[in-house]
Number of protein chains: 2
Amino acid sequence: MSLEALGPHQGDADALARRLARALLGGDWQPGDVFPKELDIAARCAVSRNLVRNALASLTAAGLLERTAGRGTRVREVGDWHLLDPQMSDWLVGLAHPQPQLVRELLAFRYSAEPVVAELAARAAGPDDLARLEAAFRGMAATADASEQAGQHVEYDVAFHEAIYEASHNLIWRQMGHLLRPSILALVQHSQRPARGDDGLGDSLERHGAVLEAIKGGDGPRAARAAREVLGRTARDLGVDTETGARAD
Amino acid sequence: MSLEALGPHQGDADALARRLARALLGGDWQPGDVFPKELDIAARCAVSRNLVRNALASLTAAGLLERTAGRGTRVREVGDWHLLDPQMSDWLVGLAHPQPQLVRELLAFRYSAEPVVAELAARAAGPDDLARLEAAFRGMAATADASEQAGQHVEYDVAFHEAIYEASHNLIWRQMGHLLRPSILALVQHSQRPARGDDGLGDSLERHGAVLEAIKGGDGPRAARAAREVLGRTARDLGVDTETGARAD
DNA sequence: CAGCGCAAAATGTCTGACATTTATCGCCAG
DNA sequence: CTGGCGATAAATGTCAGACATTTTGCGCTG
């Protein structure tokens with residue numbers, strides 16, 4: 001609701017857009033709120049109005065803002081946000097507290113989509129796809145024990161999932177994989193909290209291995225089942241109905 | 001490769017972006033080509049350089065163009081295009097000759113995704129979802145015979161598919177449904193060419209009905225099978241492998 | 001012939017002004 | 001007192017020109 005957190009700015013237009021977007025996604029303004037006017041932002045961040053306009057145009061293109069001449073700028077409803085816009089994906093990177101509703105929706109989507117993608121991958125994967133998958137899996141295995149390598153482990157985990165989308169050899173699914181990256185990252189970090197017990201990482205590794213083996217063997221249905229297993233525990237933890245994959249109101 | 005087709009311009013920045021995007025998507029320039037410079041476009045379209053810059057920023061955000069200071073503007077590879085950007089969806093509306101590769105990729109995606117979405121819909125659909133589906137289906141049935149109502153029939157067909165995504169009650173799938181709209185439209189129009197024989201429309205209607213019944217009955221697996229049936233014929237016509245859903249290189 | 005530097009060309013940014021749209025407030029008539 | 005109506009203010013949209021920055025290529029020099 002305020003502009004106070006934003007100090008003077010340094011960087012190009014994209015950087016300013018990123019700052020504003022993250023502030024918005026972080027909850028500084030609620031849907032329906034009026035967004036600060038161009039001149040206020042320009043003054044507060046010590047940049048020209050032009051740069052502010054370009055940045056706001058980006059947020060508008062992503063469906064975050066609604067601007068009308070004379071009225072001003074308002075924050076749109078979450079349902080109007082373009083979650084599949086790659087730019088949005090960038091902005092979500094490293095966001096500390098994404099909205100819980102968003103997290104559940106994303107996981108429900110992945111729980112329904114990734115089995116299918118794994119099935120495609122099992123049938124379409126080429127040598128380099130398998131190489132990527134194996135490299136990611138070996139990385140996961142090598143960093144599974146040491147807790148000080150948690151960051152690296154997460155990276156390999158995300159790379160593994162991204163490689164599955166890549167191996168589907170379908171333009172749309174591959175783009176989906178890229179732009180789900182930050183969401184997957186957030187989910188993986190969330191699901192690896194040690195509070196759940198010590199079987200977590202070992203089990204997770206085993207399940208990822210099952211997916212890899214199924215894809216290597218070209219066994220589509222088994223790959224689908226294995227992919228479902230990988231996401232199953234996280235889904236249950238977050239309260240996503242693993243029967244329906246979505247929750248009716 | 002040329003700017004000749006573009007006459008003087010009338011409308012706002014979005015309209016200019018639409019014109020340029022459609023010219024590009026229509027094949028006026030190939031990936032790797034250098035795009036006209038700002039001042040040329042501004043002069044040719046009789047608008048300010050500012051407006052051109054805003055329009056080009058939109059195309060750049062959609063992954064169509066790559067701009068670097070000093071070098072100029074170039075058309076990016078098709079693989080880099082943000083097909084899931086809603087703006088791209090707008091630009092694709094009514095495009096006469098989309099790239100065949102794109103069409104195949106999109107159908108392969110739908111062939112893998114829509115069964116899952118139908119399954120979700122069967123389990124999550126509420127009364128208004130069912131009402132939307134039934135309204136679309138009745139419209140399809142009412143316009144199935146008369147060939148002069150082909151346009152309306154297509155509209156109902158697209159609405160039916162969109163309603164399936166809507167009924168999944170998942171944010172991401174719903175957005176996907178919206179932005180697939182133009183692609184579905186193009187595919188439906190393509191698949192309804194009468195050259196294939198007279199059983200086409202009747203069969204199609206019957207198959208859509210099967211999906212509706214399965215969703216109404218809450219039978220997920222049956223809905224998935226039915227959805228696959230709906231897309232099967234079109235997929236085979238376009239040479240998409242209905243075993244793998246994608247084609248390895 | 002290699003390397004340096006300068007100039008041209010393109011995009012990126014700043015500034016100020018004006019246009020257009022919208023909400024609001026005060027005025028006037030009923 | 002109240003409802004409509006117009007002027008005014010406030011915000012975004014557009015334009016024009018200048019300058020900054022980056023890249024490319026050419027020519028000059030050692």
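Quick caveat: nothing in here was measured; it's all calculated off a predicted structure.
- Listed by chain and residue number, V52(A) satisfy the side-chain contact (heavy atoms from CB on, under 4.5 Å) test with A42(A) (two or more places apart in sequence, or in another chain).
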List the atom pairs, with distances to 0.1 Å, where a side-chain N or O of residues 77-84 of chain A and a protein N or O form a donor-acceptor pair under 3.5 Å, not counting sequence neighbours.
| from | atom 1 | to | atom 2 | distance (Å) |
| --- | --- | --- | --- | --- |
| W81(A) | NE1 | R76(A) | O | 3.2 |
| W81(A) | NE1 | E77(A) | O | 3.4 |
| H82(A) | ND1 | A61(A) | O | 3.0 |

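- Annotation: ring-ring contact (aromatic ring centres under 6.0 Å, His included) contacts of F35(A) (sequence neighbours excluded): W29(A).
- Scanning for ring-ring contact (aromatic ring centres under 6.0 Å, His included) contacts around F160(A) gives H208(A), with sequence neighbours left out.
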message: So if I define the base as every atom that isn't primed, P, OP1 or OP2, how would nucleotides 8-16 of chain D read as a B/S/- string at a heavy-atom cutoff under 4.0 Å?
response: ---BBBBBB

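- Applying the ring-ring contact (aromatic ring centres under 6.0 Å, His included) criterion to W91(A), with sequence neighbours excluded, gives no partner residue.
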